Trainee: 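The following block contains the structure, expressed as structure tokens.
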Amino acid sequence: MKYGDLLTYLDAHADYTILDGSPAETLEKALTDKHQDALAGEIIKSSATHADITSVEQEIERVDFVKSLSAVRLKYMADDAPVEGFRMVEKIITTADAAYNEEALAARGS
């Protein structure tokens with residue numbers, strides 16, 4: 001799945017504002033710590049950085065996306081971390097899973 005398509009899907013289905021402009025603008029803002037939602041920006045930056053994403057046109061596999069969020073996930077699992085951060089990371093992972101499932105079903109013609 002293209003990274004931009006994943007960001008668009010997450011914005012539409014995760015109950016959080018992921019996009020801050022177009023997918024390309026969102027990626028740029030996240031990478032420069034200028035995203036309107038600091039937590040969403042942190043999640044996007046982590047996924048892009050750890051998966052070597054520099055363009056929304058690049059493909060990202062499910063496993064790479066989920067693995068790229070492991071450090072952020074652990075950060076928000078800490079006892080003193082805000083619970084909303086953990087909830088958002090978990091919701092993003094679950095929603096990304098749904099995006100990849102829908103893509104796989106569409107590829108099979110189901």
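Just so you know, these numbers come straight off a predicted model, no measurement behind them.
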Trainee: Considering only heavy atoms from C-beta outward, does the side chain of T49 approach that of L31 to under 4.5 Å?
Mentor: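 Side chain of T49 against side chain of L31, heavy atoms only: contact under 4.5 Å found.
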Trainee: How close do G41 and A30 get, heavy atom to heavy atom, and via which atoms?
Mentor: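 For G41 and A30, the tightest heavy-atom pair comes out as O-CB, 3.6 Å.
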Trainee: Evaluate L39 against I43 for side chain to side chain contact (heavy atoms under 4.5 Å, CB included), listing each step before the verdict.
Mentor: CA-CA 6 Å; L39 182 52; I43 290 168; 4.3 Å; yes
Trainee: Give a yes or no answer on whether the side chain of Q58 reaches the backbone of D52 with a donor-acceptor pair at less than 3.5 Å.
Mentor: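 Yes, because the side chain of Q58 sits within donor-acceptor range (under 3.5 Å) of the backbone of D52.
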Trainee: Taking the side chain from S46 and the backbone from A71, do they hold a donor-acceptor pair closer than 3.5 Å?
Mentor: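 Answer holds: no.
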Trainee: Return the set of residues passing side chain to side chain contact (heavy atoms under 4.5 Å, CB included) with E103 (not counting sequence neighbours), or none when no residue passes.
Mentor: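 Listed in chain order: M1, Y100.
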Trainee: Evaluate the criterion side chain to side chain contact (heavy atoms under 4.5 Å, CB included) for residue pair L27 and T54; output intermediate values, then yes/no.
Mentor: CA-CA 8 Å; L27 177 59; T54 57; over 6 Å; no
Trainee: Does CD belonging to E61 count more than 12 external heavy atoms closer than 6.0 Å?
Mentor: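 It does not: E61 CD has 12 such atoms or fewer within range.
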Trainee: Return yes if a side-chain donor-acceptor contact under 3.5 Å exists between T32 and E28, otherwise no.
Mentor: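 T32 vs E28: no donor-acceptor pair found between side chains.
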Trainee: Taking ring pair (Phe, Tyr, Trp, His ring centres under 6.0 Å) as the definition, give me every residue that meets it alongside H50, ordered by chain and number, with sequence neighbours left out.
Mentor: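 For H50, no residue satisfies ring pair (Phe, Tyr, Trp, His ring centres under 6.0 Å) once neighbours in sequence are set aside.
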Trainee: Could you go through the side chain to side chain contact (heavy atoms under 4.5 Å, CB included) check for V56 and K2 one step at a time?
Mentor: CA-CA 6 Å; V56 294; K2 288 184 180 180; over 6 Å; no
Trainee: For a side chain to side chain contact (heavy atoms under 4.5 Å, CB included) check, start with the C-alpha distance between D20 and E25, then their side-chain angles and the critical distance, and finish with the verdict.
Mentor: CA-CA 7 Å; D20 187 357; E25 291 169 329; over 6 Å; no
Trainee: Measuring only between side-chain heavy atoms, which start at C-beta, is R73 closer than 4.5 Å to I92?
Mentor: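 Answer no - side chains too far apart.
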Trainee: Does any donor atom in the side chain of E102 or Y9 lie under 3.5 Å from an acceptor atom in the other side chain?
Mentor: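 A pair is found: one side chain offers a donor N or O, the other an acceptor, under 3.5 Å apart.
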Trainee: State, to 0.1 Å, how close G85 and Y76 come at their nearest heavy-atom pair, and which atoms those are.
Mentor: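 That would be CA-CD2, 3.6 Å.
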Trainee: Are L10 and L69 in one and the same hydrophobic cluster, where Ile, Leu, Val, Met, Phe, Trp and Tyr link if side-chain heavy atoms are under 4.5 Å apart?
Mentor: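 Shared cluster, yes.
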Trainee: About how many Å separate NZ of K29 and NE2 of H35, when rounded to the nearest 0.5 Å?
Mentor: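 Nearest 0.5 Å value for the NE2-NZ distance: 7.5 Å.
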Trainee: If you take all heavy atoms of I53 and E59, which pair is closest and at what distance?
Mentor: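 Heavy atoms of I53 and E59 come nearest at CD1-O, 3.9 Å.
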Trainee: Quick one: closest heavy-atom pair of I44 and S47, and the distance?
Mentor: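 Shortest heavy-atom separation between I44 and S47 comes out as O-OG, 2.9 Å.
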Trainee: Would you sort out whether T95 and Y16 count as a side chain to side chain donor-acceptor pair (under 3.5 Å), showing the intermediate values?
Mentor: CA-CA 11 Å; T95 306; Y16 293 100; over 6 Å; no
Trainee: CD/Q36 to OG1/T17 distance, rounded to the nearest 0.5 angstrom?
Mentor: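 OG1 of T17 is found 6.0 Å from CD of Q36.
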Trainee: If you measure from the Lys or Arg side-chain nitrogens to the Asp or Glu carboxylate oxygens, is any gap between K75 and E42 under 4.0 Å?
Mentor: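 So K75 pairs with E42 through a salt bridge.
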Trainee: Measuring only between side-chain heavy atoms, which start at C-beta, is Y3 closer than 4.5 Å to S55?
Mentor: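 Not touching, per the 4.5 Å side-chain cut-off.
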Trainee: Between D11 (side chain) and L19 (backbone), is there a donor-acceptor pair under 3.5 Å?
Mentor: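 Such a contact is found between D11 side chain and L19 backbone.
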Trainee: To the nearest 0.5 Å, tell me how far K67 NZ sits from R62 CZ.
Mentor: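 One gets 14.5 Å once the value is rounded to the nearest 0.5 Å.
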